[in-house]
Amino acid sequence: MLEEQKDKLQDAVGGNEKSGTTGTDTAQEKSTENIPKKEHSQDTQDTKEKDIQETPGEAAAKQEASDDSELKSEKESSEGSAEKELQEEIDESNAEDAEDEDNHQRHHIPMLDYHEMSMENLVGELQRLVRNEKVQAIRRHVEGIKTEFDLKFQEFLEEKKEDFISKGGNEIDFKYNSVTKRQFNEVYADYREKRNQYYKNLEQNLKSNLHNRLEIIEELKSLVNVEEDINTTYKNFKDLQERWRNAGPVPRSSYNDVWRTYHHHIEIFYDFLHLNRELRDLDFKHNLEEKLKLIERAEKLAEEPDLNKAFRELQTLHKIWKEDIGPVDQEHREKIWEQFSNATKAMHQRRQEHYKELEKSYEKNLEKKEEIIARISDIANNVANNHRAIQQQIKEVEALREAFFKAGKVPQKVNEATWSKFKTAVRTFNRNKNAYYKNLKKEQQENLDKKRALLELAVKLKDSEDWEETTPEMKRIQNEWKQIGHVPRKYSDSIWKEFKTACNHYFDRLHARKNKDHKKEAENYQHKSACLDRLKEFKLSGDREKDIEVIKGFITEWKSYGRVPFNKKAITNKFNKILDALFRKLDISQQEAELLKYGNKIQQLAKTEDEDALYKERTFIRRKISDAKDEIRQLENNLQFFSGATDSNPLVQEVVQNIERHKEALATWKTKLKKLNILQNDLLRAAESEEEETDDSEE
């Protein structure tokens, strides 16, 4: 309520003296209503009593009436409607400036495009204005900032509310504490406190100024009844005019009546005071010189490139013309007003053209915004069905939102409708996106329940002694685990570690048991240890081909010894590390090295009499290829959950490195399968050739 009262007070502040020089006939009639009948009648009677020589008072009265006629004619012309609006705008701006001596500073405070600013930037700009500018000069700025902040915060709050509901929350329980909103409220409360205090003080000043002006009017009325020297009376009259100019603003609701009453008694004074022609002509001459200066300044405004600055200057000139300078003689009256009016018309024409250009730009901005809304709506109606694609769509919508805010203003008549369509499009996207993640979380929860059931079974079987029954069951559990999709991220690592621990426990026990039953593996270990020691002592000769053949011999010997005990399998890693070091020295890539090792395996398979060995090797390689593909697919899916992270994130780098490592392994396994297929084809051709030779010999 207090805020509304203060806004009304601000609108009621005077300062625009709409005197009889700018009023219509109706305004002039109203001005006489405030004057006692006796005085008005006396005025009418005395104006009919003319001397042979026209008095300055008569000339002044005619001049004031003529000024009324000039402005009235201006407002009622065929082009007068738009020009009247310009005049009213000038009068309104002058009235607002008169409220405070420094209020003109508001013209120099830039009105930024608050629509494109973020909530945080809006808070910062509001804080800067409240701290550094006069509170009465920033009202429009604060209103613009508050409007945009409220719209953006409401949109932001609706998004948070939808997220809350999509996660299973109850709408009635939704609460959100925004630091930005709290900061805005604090700064805005500071502004209101300063503004209220300012208008509280201003209200008292306005009432005091009104009282002073009414006293001046009473003193002016009394001049016509004082019998004294004309020069003394004239001097007192000038003193009263000076006091009036310095009396300060009054409430706007009283302002026009007070000024009309004042001008009416000015006219009465000129009519009743018979000044000599010399004083009158001096007044007219001085006023003419001052008005010609104003005309010159007004005409130069056509060259001012800054339209706003030019308008503010024209506004000041109108104020001076109307309030500070008196009438001129009949000879120059119409001419100088026409000159001044033409300068005002030129400014009006410039402003009209400027506004037309602005309107065109607003229409173009509207087209851009409608296109952006259409693109957001298209995305909202076609939300993807996987995490990675949705994250990309989120980025696209965010970029479109930024483009919308930076697209500029649109015509005022469609501003609200455009904003509403924009909010609807963004809200639709958020709802559809949240619906996907809501279903995804439901699916992940179901996957978690399945994996928990498998974990419970693995823990139950990990200490089983029924090796023949349990081993295939544990393998089945592991395969089924791989087929189940993602679980909520906060559970994925912990449940996997528990499951892996249970499985490893069982298979470690299984391998330990097998090691006891296979003495051959222990013997193999002894042979491989000896081979490893000799490999450690091997030095490259510099003959690359010879060194490769020697290394192949080590590989062949190593593979001839077969498996080693499970708990001794680390010896294979040691052997491979030494080989890798030698291959690096020979400038052999890792893949070539793997294939080189595998070449010996191919030779062994070609010589073996075990018909199932080739089939088992093919099955083993295909399983490795399948495992590599599954690992790559799993890692790529995991990478989607880091869509918000940068490439420098250590976790992202680790996943990317693992993907590349598995891809290299996949390529190696595919090459091995190709070599195995070639071996099989060669063996088949050799068998077919042998059969043909046998058939020929029999014939």
Side-chain angles (χ1 to χ4, degrees), residues 118 155-156 158-169 368-407 421-451 481-493 495-496 626-663 666:
S118 66
E155 181 196 8
F156 173 79
E158 287 174 359
E159 290 183 10
K160 292 298 180 183
K161 186 176 182 179
E162 289 177 3
D163 287 341
F164 176 77
I165 295 173
S166 70
K167 294 176 181 177
K368 293 179 185 177
K369 288 194 172 184
E370 287 180 340
E371 181 181 349
I372 291 170
I373 292 171
R375 291 171 63 185
I376 295 176
S377 297
D378 182 60
I379 296 174
N381 295 325
N382 297 278
V383 173
N385 58 1
N386 65 81
H387 174 74
R388 175 180 289 181
I390 287 182
Q391 290 300 311
Q392 182 60 36
Q393 287 181 330
I394 290 174
K395 292 180 181 178
E396 291 177 15
V397 170
E398 187 59 31
L400 290 170
R401 287 181 78 255
E402 291 296 323
F404 180 88
F405 290 127
K406 293 180 179 179
K421 287 194 293 184
F422 169 72
K423 286 200 302 182
T424 299
V426 174
R427 191 181 299 118
T428 301
F429 170 75
N430 288 330
R431 286 175 178 171
N432 293 342
K433 171 201 69 176
N434 292 339
Y436 166 79
Y437 281 110
K438 185 177 181 180
N439 293 333
L440 180 63
K441 286 172 181 170
K442 181 180 178 182
E443 179 183 336
Q444 289 183 346
Q445 185 61 43
E446 292 174 353
N447 294 340
L448 178 61
D449 294 338
K450 292 177 182 179
K451 288 193 173 183
W481 181 282
K482 293 178 181 180
Q483 301 304 317
I484 299 174
H486 294 293
V487 301
R489 189 180 302 177
K490 62 180 179 179
Y491 299 111
S492 60
D493 289 341
I495 196 172
W496 164 245
S626 177
D627 291 344
K629 289 180 178 179
D630 290 342
E631 287 293 335
I632 293 171
R633 192 180 301 110
Q634 180 70 35
L635 289 169
E636 288 179 341
N637 288 336
N638 291 344
L639 195 60
Q640 293 180 10
F641 290 97
F642 296 97
S643 60
T646 61
D647 293 339
S648 62
N649 187 298
L651 294 176
V652 174
Q653 291 179 346
E654 182 180 355
V655 173
V656 171
Q657 290 173 0
N658 286 338
I659 291 174
E660 293 301 321
R661 182 167 54 81
H662 283 291
K663 285 183 177 181
L666 177 62

Self-check item: Counterpart residues, side-chain contact (heavy atoms from CB on, under 4.5 Å), relative to Ala384 (two or more places apart)
Solution: Ala389, Ile390, Gln393
Quiz item: Does a side-chain heavy-atom distance below 4.5 Å link Lys482 with Gln634?
Solution: no
Exercise. Report the residues that fulfil ring-ring contact (aromatic ring centres under 6.0 Å, His included) with His486, sequence neighbours left out, ordered by chain and then residue number.
Key: Phe641
Practice problem: Would you check, one step at a time, whether the test side-chain contact (heavy atoms from CB on, under 4.5 Å) holds for Phe422 with Ile376? | Solution: CA-CA 8 Å; Phe422 169 72; Ile376 295 176; 3.9 Å; yes
Quiz item: Partners of Glu398 by salt bridge (charged side-chain N to carboxylate O under 4.0 Å, His left out), sequence neighbours excluded?
Solution: Arg401
Exercise. Not counting sequence neighbours, which residues clear salt bridge (charged side-chain N to carboxylate O under 4.0 Å, His left out) with Arg661? List them please.
Key: none
Exercise. Mind listing the closest non-hydrogen atom pair of Ile379 and Val397 along with its distance?
Key: CG2-CG2, 4.0 Å
Quiz item: Can you list the residues that meet the side chain to side chain donor-acceptor pair (under 3.5 Å) rule with Asp630, with sequence neighbours excluded?
Solution: Arg633
Quiz item: What pairs with Glu371 under side chain to side chain donor-acceptor pair (under 3.5 Å), at least two apart in sequence or on another chain?
Solution: none
Self-check item: Contacts of type side chain to side chain donor-acceptor pair (under 3.5 Å), residue Arg375, not counting sequence neighbours
Solution: none
Exercise. Drop me the distance from Glu660's CD to Ile632's CD1, to the nearest 0.5 angstrom.
Key: 9.0 Å
Quiz item: Partners of Asn382 by side chain to side chain donor-acceptor pair (under 3.5 Å), sequence neighbours excluded?
Solution: Asp378
Self-check item: Contacts of type ring-ring contact (aromatic ring centres under 6.0 Å, His included), residue Tyr491, not counting sequence neighbours
Solution: none
Self-check item: Sequence neighbours excluded - salt bridge (charged side-chain N to carboxylate O under 4.0 Å, His left out) pairs with any residue from residues 422-434
Solution: Glu158-Arg427, Glu162-Arg427, Glu162-Arg431
Quiz item: Atom CG of Leu635 and atom NZ of Lys663: how far apart are they, to the nearest 0.5 Å?
Solution: 10.0 Å
Exercise. Quick one: list whatever passes salt bridge (charged side-chain N to carboxylate O under 4.0 Å, His left out) with Asp627, sequence neighbours left out.
Key: none
Quiz prompt | Pairwise distance CG(Leu666) to NE2(His662) - rounded to 0.5 angstrom | solution = 10.5 Å
Exercise. Output all residues satisfying side-chain contact (heavy atoms from CB on, under 4.5 Å) with Ala380, sequence neighbours left out; order by chain, then residue number.
Key: Thr428, Phe429
